[in-house]
Amino acid sequence: AKNEIQFIDKGIRLTHTGRIKAPIFPNRIVVDDDLLWLFGFIIAEGNSQYANRLIKVRLSSETKYLEKAREIIKNKFDLDAHMHEKVHTLIISSRLFSLILRYIFEIDISKKSSKREIPGWIIQLPLCKLKHFIKGYWDGDGYHADSARKSRIIFYSSSKELANDVSMALLRFGILSS
């Protein structure tokens with residue numbers, strides 16, 4: 001798992017690989033607004049696929065958000081994700097990407113939805129950065145509800161921990177949630 005990630009001069013790669021030309025990710029990946037949006041979207045919509053080990057990430061959502069995620073993944077990691085438009089799914093077939101999400105960025109989508117959480121380093125980001133993560137999460141699991149009584153924004157989650165984390169993140173903006 002974690003010991004499978006190897007840092008070399010050229011970048012980051014898998015330690016054990018049978019492939020002659022294994023993918024290499026850049027040593028430095030700038031955590032910018034796009035990447036934070038992607039992380040929020042992955043926590044909302046992502047899940048892992050296994051074949052005796054973590055091998056790929058699958059995102060299911062509206063096509064416009066999947067296209068945005070696909071573009072960010074291509075720009076940041078030089079990975080070509082495969083779009084299944086009929087079932088609104090994006091597949092990122094990369095064990096290295098899966099491991100980097102889990103062990104470098106602390107985004108563990110191998111956990112069931114009911115056990116998800118926001119990494120502490122994200123909650124502690126400056127507000128000007130945190131808002132991009134929240135927007136990604138919103139694009140995955142949020143919606144706006146207008147009723148005669150009031151206007152509300154709603155985030156769906158089956159994870160109590162994730163709901164608490166979102167509440168904490170919103171509280172940093174002065175938004176009280178329940």
task: Verify ring-ring contact (aromatic ring centres under 6.0 Å, His included) between Phe77 and Phe97, making sure each step is shown before the conclusion.
output: CA-CA 8 Å; Phe77 301 97; Phe97 180 74; 5.1 Å; yes
query: Would Phe41 and Ile72 count as a side chain to side chain contact (heavy atoms under 4.5 Å, CB included) if you check the C-alpha gap in whole Å, the side-chain angles of each, and the deciding distance to 0.1 Å?
result: CA-CA 11 Å; Phe41 188 69; Ile72 295 168; over 6 Å; no
message: With side chain to side chain contact (heavy atoms under 4.5 Å, CB included) as the criterion, how do Met83 and Glu67 come out once you've worked through the C-alpha distance, each side chain's angles and the decisive distance to 0.1 Å?
response: CA-CA 8 Å; Met83 180 78 78; Glu67 287 290 349; 3.4 Å; yes
message: Between His88 and Ser60, does the side chain to side chain contact (heavy atoms under 4.5 Å, CB included) criterion hold? Intermediate values first, please.
response: CA-CA 6 Å; His88 302 284; Ser60 300; 5.8 Å; no
- request: For Val57 and Asn47, run side chain to side chain contact (heavy atoms under 4.5 Å, CB included): C-alpha distance rounded to whole Å, both residues' side-chain angles, the deciding distance at 0.1 Å, then the answer.
  value: CA-CA 6 Å; Val57 175; Asn47 63 51; over 6 Å; no
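Ion pairing between Arg116 and Asp165 fails under the 4.0 Å rule for side-chain N and carboxylate O. Between Lys76 and Asp34 no salt bridge is recorded (no basic side-chain N to carboxylate O distance below 4.0 Å).
Between atom CZ of residue Arg58 and atom NE2 of residue His82 there is a gap of 13.0 Å, rounded to the nearest 0.5 Å. Taking CD1 from Ile134 and CH2 from Trp138, the interatomic distance works out to 11.5 Å, rounded to the nearest 0.5 Å. Here OG of Ser48 is found 10.5 Å from CZ of Arg95. Values are rounded to the nearest 0.5 Å. With rounding to the nearest 0.5 Å, the separation of CG in Leu101 from CD1 in Ile42 is 4.5 Å. Note that the CD atom of Glu71 and the CD1 atom of Ile73 stand 11.0 Å from one another [nearest 0.5 Å]. Rounded to the nearest 0.5 Å, atoms CG (Leu38) and NZ (Lys68) are 9.5 Å apart.
The hydrophobic cluster containing Leu171 does not contain Leu127, counting ILVMFWY residues as joined when their side-chain heavy atoms lie under 4.5 angstrom apart, directly or transitively. The hydrophobic cluster containing Phe173 also contains Ile43, counting ILVMFWY residues as joined when their side-chain heavy atoms lie under 4.5 angstrom apart, directly or transitively. No chain of hydrophobic side-chain contacts below 4.5 Å, direct or via other Ile, Leu, Val, Met, Phe, Trp or Tyr residues, connects Ile100 to Ile24.
Remark: side-chain polar atoms of Thr89 are paired, donor with acceptor, to backbone N or O of Val87 under 3.5 angstrom. Side chain of Asp33 to backbone of Lys129: no donor-acceptor contact under 3.5 angstrom is found. A donor-acceptor contact shorter than 3.5 Å is absent between the side chain of Asn27 and the backbone of Phe7. Judged purely by atom type and a 3.5 angstrom limit, Arg172 uses its side chain to pair as donor or acceptor with the backbone of Ile123.
The ring-ring contact (aromatic ring centres under 6.0 Å, His included) search around Tyr65 returns none, not counting sequence neighbours. Shown here are the salt bridge (Lys or Arg N to Asp or Glu O under 4.0 Å) partners of Lys74, two or more places apart in sequence or in another chain: Asp78, Asp80.
Separation of the Phe39 and Phe105 ring centroids falls under the 6.0 Å cut-off.
Residue pairs that meet the ring pair (Phe, Tyr, Trp, His ring centres under 6.0 Å) test with at least one member in residues 106-136, sequence neighbours left out, do not exist here.
When all heavy atoms of Ala81 and Leu90 are compared, the closest pair comes out as CB-CD1, 3.5 Å. Between Ser93 and Lys56 the shortest heavy-atom distance is CA-CB, 3.7 Å. Contact detail for Val30 and Leu35: the closest heavy-atom pair is O-CD2, 3.6 Å. Nearest approach of Phe25 to Ser94, heavy atoms of both residues: CZ-OG, 3.9 Å. Nearest approach of Leu66 to Leu59, heavy atoms of both residues: CD2-O, 3.6 Å. Between Ile12 and Pro26, the closest heavy-atom pair is CD1-O, 3.5 Å.
Counted within 6.0 Å of CD1 on Ile8, heavy atoms from surrounding residues, nucleotides or ligands total more than 12; the atom is thus considered enclosed.
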